[in-house]
Amino acid sequence: MSQVTPLTRRSFARFLAGSPLLPLLGFSACAPGEPRDSTADATLRELSDLIGSPDDAINVFDFRDVARKTLPPAHYGYMATGVDGDETLRANRKGFGRFDLRARRLVDVSSVDTGVELLGERWDTPIVLAPAGSQKAFHPDGEMAAARASTALGHHQILSTVTTTSVEDLNAVRNRPVWYQLYPTSNWSVTQALLRRAEGAGCQALVLTVDLPVDSNRETLRRSVKADTRDCSTCHDAGPTGWFSRKPMFEGLDVQSIAFDTPWMTWDFIGRLRDETDMRILVKGIVRGDDALRCVQYGADGIVVSNHGGRAEASGRSSIESLPEVVAAVAGRVPVLVDGGFRRGTDILKALALGADSICIGRPYLWGMAAFGQAGVEKVLEILQAELQLAMQLHGVPSLADLDSSFVVSS
Ligand SMILES: Cc1cc2nc3c(=O)[nH]c(=O)nc-3n(C[C@H](O)[C@H](O)[C@H](O)COP(=O)(O)O)c2cc1C
């Protein structure tokens with residue numbers, strides 16, 4: 001029997017990558033949304049067998065391949081989409097290439113400490129699960145899979161306003177409550193009701209998302225919806241309250257005429273929230289130093305540097321490149337978190353060296369969830385945590401407290 005050597009396999013892969021046969025095999029040369037990490041090994045991975053269990057995964061991208069295969073096109077499109085031609089989504093990955101790590105030698109790294117403190121609470125890892133809506137579109141367990149996995153491995157989690165699992169149910173399985181992400185609606189009494197639910201469920205902090213005053217142009221999503229030939233009406237009831245019926249945080253609220261667009265929202269809104277709740281308030285979606293300073297001046301307790309994973313404004317600028325000016329403006333007065341394109345332990349190390357207190361991941365844990373439910377989320381978190389620890393050892397960083405800007409240079 002002839003053996004396929006790595007070389008011939010690679011040549012075959014290259015041949016197929018340029019071949020019109022590829023779509024017939026159920027693969028596209030490039031997944032919608034963000035590109036693969038490295039085009040060289042991507043072709044090989046594309047054509048090799050998809051992983052059959054979380055333990056087969058070598059990096060987090062292995063889960064994306066399974067998620068893409070498993071999910072209906074429209075659901076995968078919702079997860080993958082950026083805006084316009086996905087330029088900002090891609091920029092988030094490319095941005096990490098603008099910073100290089102600068103290793104320190106002959107440091108005792110027999111053990112490493114990845115612990116961080118956030119608003120007075122100690123966490124064993126700086127990797128936080130970002131808020132993402134409608135997770136039952138990816139797996140029947142949805143947010144619960146993320147909650148169980150993150151609790152088992154000691155990660156913090158932020159829950160979306162448009163969660164498909166209630167904050168009460170989620171906090172019941174977590175040893176420490178989630179932070180609750182807020183999309184205020186056009187109706188203040190609905191916002192008040194959401195705050196009461198989050199407070200009642202024990203949430204210590206509110207994460208106000210400010211980067212979507214109006215809907216963004218998600219072309220990859222629109223194309224994937226067109227490509228989805230299923231009858232979606234059983235789940236997506238077209239009535240005025242149909243969408244809300246799958247969003248338990250809105251249960252019992254008058255949602256007939258509310259809108260999520262917030263073009264009216266200005267800095268005073270932080271004060272309004274402050275008067276309404278004792279929860280700490282973080283502002284998510286900041287990409288400029290002057291806005292970060294305003295967050296501090298208006299009484300925010302923390303900042304999340306974010307462009308919504310390339311799903312809000314089509315700026316073309318990565319969030320890692322926005323981080324240094326925010327860190328400089330805030331000058332340690334409040335914690336700074338950052339998200340957007342984190343896929344590697346070295347990405348995390350760069351952000352923390354640039355002054356972030358923690359980082360959030362979105363799509364990677366959703367890939368894991370879509371592929372294998374809770375076990376997939378756990379494995380994604382394990383891979384990223386292991387990569388971070390390895391990067392710390394190889395760059396001479398025994399503890400995240402030892403990390404400073406000397407470990408990173410602009411390239
Ligand atoms: C499917 C999906 C749904 C999201 N839903 C929300 C949301 O409800 N609220 C929010 O503030 N951000 C939301 N985000 C943005 C994430 O919180 C986060 O900023 C982004 O995913 C980070 O980038 P990454 O996916 O490249 O890691 C969503 C992102 C995705 C991919």
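Order of listing sets the numbers, starting from 1, for every ligand and every atom in it. Keep in mind that what you see is a predicted model, and the values were worked out from it rather than measured.
Distances between N or O atoms of G341 and those of ligand 1 include at least one value under 3.5 Å. For F138, no nitrogen or oxygen atom sits less than 3.5 Å from a nitrogen or oxygen atom of ligand 1, counting backbone and side chain alike. Annotation: Y78 places no N or O atom under 3.5 Å from an N or O atom of ligand 1; distance criterion only. Between Q181 and ligand 1, a contact under 3.5 Å exists for at least one N or O pair. At least one N or O atom of P131, backbone or side chain, sits closer than 3.5 Å to an N or O atom of ligand 1. Considering backbone and side-chain N/O atoms, G133 comes within less than 3.5 Å of an N/O atom of ligand 1.
Considering M79, R311, Q135 only, the shortest heavy-atom separation from atom 2 (C) of ligand 1 involves R311. In this comparison of R363, K284, R343, the heavy atom closest to atom 12 (N) of ligand 1 sits on K284. By heavy-atom distance, the residue among D347, T209, I361, L366 lying nearest atom 11 (O) of ligand 1 is T209.
A side-chain donor from one of D231 and S233 sits under 3.5 Å from a side-chain acceptor of the other. Side-chain contact annotation: D55 with S53, donor-acceptor N/O pair under 3.5 Å absent. Between the side chains of E199 and T277, a donor-acceptor pair is found at a separation under 3.5 Å.
Under the 30°/60° scheme for interplanar angles, the aromatic rings of W188 and F269 are found to stand perpendicular. Classification of the W243-F260 ring pair by plane angle, with boundaries at 30° and 60°, yields perpendicular.
Close approach of ligand 1 to S160 (heavy-atom distance below 4.0 Å) involves ligand atoms 7 (C), 8 (O). Of all atoms in ligand 1, numbered sequentially from 1 with element shown, those under 4.0 Å from a heavy atom of S306 are 19 (O). Listed by atom number, the atoms of ligand 1 under 4.0 Å from G362 heavy atoms are 21 (O), 24 (P), 25 (O), 27 (O).
A donor-acceptor contact shorter than 3.5 Å is absent between the side chain of S322 and the backbone of R288.
Assignment of V162 to the shell around ligand 1 is supported, since a heavy atom sits closer than 4.0 Å.
The one candidate from K136, E143, R246 that meets the side chain to side chain donor-acceptor pair (under 3.5 Å) condition with T164 is E143. Applying side-chain contact (heavy atoms from CB on, under 4.5 Å) to L400 and the options V116, D113, V112 leaves one that passes, V116.
In this structure, the ring pair (Phe, Tyr, Trp, His ring centres under 6.0 Å) partners of F342, at least two apart in sequence or on a different chain, are F96.
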